[in-house]
Each structure stands twice: as C-alpha cells, then as structure tokens.
Amino acid sequence: MAHSDNSLVTGRISGTLNKELVFREWQGKTIVAKAPRKRKGDPNSKQAETQEKFLLASRYARTIIKSTDKSMAEAYATVLRPRQNVYSRALEDFLNPPHVKSINTRKYKGATGDKIVVRAVDDFRVVSVQVEIYAANGTLLEEGKAEQDINGLDWIYTATQANNPLAGTKITAIATDVPGNEGILAVSL
C-alpha cells in the first residue's frame, strides 16, 4: 500500500483506476491499494454468517455516528487506536463480545450474603454481569445482577438464598457489552 501526502504526481485524488487500483483519502494522505475482486459463486454458510455479522456491525457503527446523542461517539473517540476512527472503533466493539475470565467462588459457602467475584473484560466496556446459581439437581436457585467493583474489572454478586448442599452447584456468569454481545462462563462446585 502506497501513501502520498499531496504529491506532485498523485495530488488529491480518490476513486478507482481501471478496476485495478483504488485511491482514497485518509488523514490528509492519499492511500493507493489494490481494487477488491468480486467473489465468484455463492458464499458458503460460514461466509454468509460472517457477512451478516458485518452488516449488523456496520449498522450499529452508523447508528453511533448518526445519533443525536453524541455521548457514545465521544466515548468511543477516547479509546481510538492508531489509524482508527469512531466508526471503525464501534464496528470493532460490535464484532468482539466480552469475555468472562474467571468466577471466584472462594467466599461462596452457600449462605445468604456470600460473595461471588466475576472478572469480565471487553475491548471497550462491560455494562453488566448477570449471575445465575443452579442447584445440584439443575434447578435455578437464584439469579441477579452483579455490582461493578471499584477496580473496574471485577463484578461482585451477593447471594440472596441459602444453598445446601454446595456440591454439584453450577454458577454461570453472563457479561454484556455496549452493543449487547454476551460472554458466558460456567463453573461447577
């Protein structure tokens, strides 16, 4: 990929040259790249799924940019990487779901008020963490929202019901990011 800063040869040009080269402007420079080729044949199921995901991501990013409430666009602008704009940052956030890294159950003994600590991360922001506690027989004992810890990484859930016996209990944590993607992790005790 070649770059030009308003040179004598290329000037400020954009567009396609003979379906071989594409010229576009980026941050005051002219970028020259190979023109994309049209795909032959229909996409397979995995390719169609990826295309659908990118279509939804593109709609999300456009909505962020065109919204009258500029707070989300400004929030994305604060975490831009080099050569990235708000649109591409929002697109990237949509395509990358959050990850629940761990569920710490050391302080959970099955009593009301016991704490479960969930570590959840995202490339932009985790907005909520839902915790579900299932008994050994598979029935849902309780569920609820965890509160974000002051460290910004951990989420703390306080148990509201007693759970005995503890063996065989399953705890599931579901982290949600700004676009609504979910990351899930489950542990058994």
Side-chain angles (χ1 to χ4, degrees), residues 1-6 10-17 19 21-39 43 45-103 117-132 143-158 172-185:
M1 183 181 293
H3 298 276
S4 171
D5 190 12
N6 199 11
T10 62
R12 290 197 174 269
I13 61 174
S14 64
T16 305
L17 178 64
K19 297 183 181 180
L21 297 175
V22 175
F23 295 87
R24 72 185 92 146
E25 290 291 319
W26 178 267
Q27 296 181 346
K29 294 184 179 184
T30 301
I31 307 295
V32 182
K34 238 176 133 172
R37 299 281 180 223
K38 187 168 173 104
R39 182 184 311 270
S45 62
K46 192 162 180 125
Q47 290 169 331
E49 182 180 318
T50 300
Q51 288 172 355
E52 176 70 15
K53 193 172 182 180
F54 267 93
L55 175 66
L56 295 173
S58 177
R59 286 182 181 164
Y60 171 76
R62 280 194 309 254
T63 301
I64 294 296
I65 292 196
K66 293 180 180 182
S67 174
T68 55
D69 179 9
K70 297 296 179 193
S71 60
M72 278 310 301
E74 291 167 359
Y76 279 123
T78 63
V79 292
L80 295 179
R81 294 188 182 92
R83 296 181 46 89
Q84 194 173 42
N85 56 32
V86 172
Y87 174 86
S88 63
R89 186 66 188 94
L91 185 95
E92 179 182 21
D93 187 31
F94 187 93
L95 293 172
N96 294 311
H99 297 281
V100 178
K101 295 284 190 180
S102 63
I103 299 173
V117 179
V118 177
R119 176 150 296 174
V121 296
D122 186 57
D123 63 332
F124 177 60
R125 183 186 305 158
V126 174
V127 294
S128 69
V129 172
Q130 174 85 9
V131 174
E132 300 170 346
E143 64 180 331
K145 298 279 184 195
E147 297 292 323
Q148 190 170 27
D149 193 16
I150 58 172
N151 68 10
L153 293 174
D154 295 331
W155 295 75
I156 301 171
Y157 179 76
T158 305
T172 302
I174 306 158
T176 306
D177 66 1
V178 175
N181 297 316
E182 294 181 343
I184 301 171
L185 180 65

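FYI, side chains are in, hydrogens and waters are out, and symmetry mates aren't considered; it's all heavy atoms of this structure.
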Original post:
Who pairs with Val22 by side chain to side chain contact (heavy atoms under 4.5 Å, CB included), at least two apart in sequence or on another chain?
Top reply: Thr16, Arg24, Ala35, Pro36

**OP:** Kindly write out the residues that satisfy side chain to side chain contact (heavy atoms under 4.5 Å, CB included) with Ala73, not counting sequence neighbours, or none if the list is empty.
**Re:** Ile64, Val86

Original post:
Sequence neighbours excluded, which residues qualify as side-chain hydrogen bond (donor to acceptor under 3.5 Å, both in side chains) partners of Tyr76?
Top reply: Tyr60, Asp93

Original post:
By side chain to side chain contact (heavy atoms under 4.5 Å, CB included), which residues pair with Pro97, not counting sequence neighbours?
Top reply: Asn181

Subject >> Crowding at CD, Glu147 (>12 non-hydrogen neighbours, <6.0 Å) >> reply: no

Original post:
Under the side-chain hydrogen bond (donor to acceptor under 3.5 Å, both in side chains) test, which residues partner Ser88, sequence neighbours left out?
Top reply: Asn85

Original post:
side-chain hydrogen bond (donor to acceptor under 3.5 Å, both in side chains) with Glu143: which residues, sequence neighbours excluded?
Top reply: Gln130

Original post:
With sequence neighbours left out, what residues match Asp123 under salt bridge (charged side-chain N to carboxylate O under 4.0 Å, His left out)?
Top reply: Arg89

Subject >> Which residues share a salt bridge (charged side-chain N to carboxylate O under 4.0 Å, His left out) with Glu182, sequence neighbours left out >> reply: none

**OP:** Mind checking side chain to side chain contact (heavy atoms under 4.5 Å, CB included) for Val117 and listing every partner two or more places apart, or none if nothing turns up?
**Re:** Asn104, Asp154, Ile156

**OP:** Would you mind telling me which of Ile184, Val131, Val129 makes a side-chain contact (heavy atoms from CB on, under 4.5 Å) with Ile174?
**Re:** Ile184

For residues 51-59, tabulate all N or O donor-acceptor pairs below 3.5 Å that involve a side-chain atom, not counting sequence neighbours.
residue: Ser58; atom: OG; partner: Arg62; partner atom: NH1; Å: 3.1
residue: Ser58; atom: OG; partner: Tyr87; partner atom: OH; Å: 2.8

Subject >> Side-chain touch Tyr157/Val118, heavy atoms, less than 4.5 angstrom >> reply: no

Original post:
Which residues pass the side-chain hydrogen bond (donor to acceptor under 3.5 Å, both in side chains) test with Gln148, sequence neighbours left out?
Top reply: none

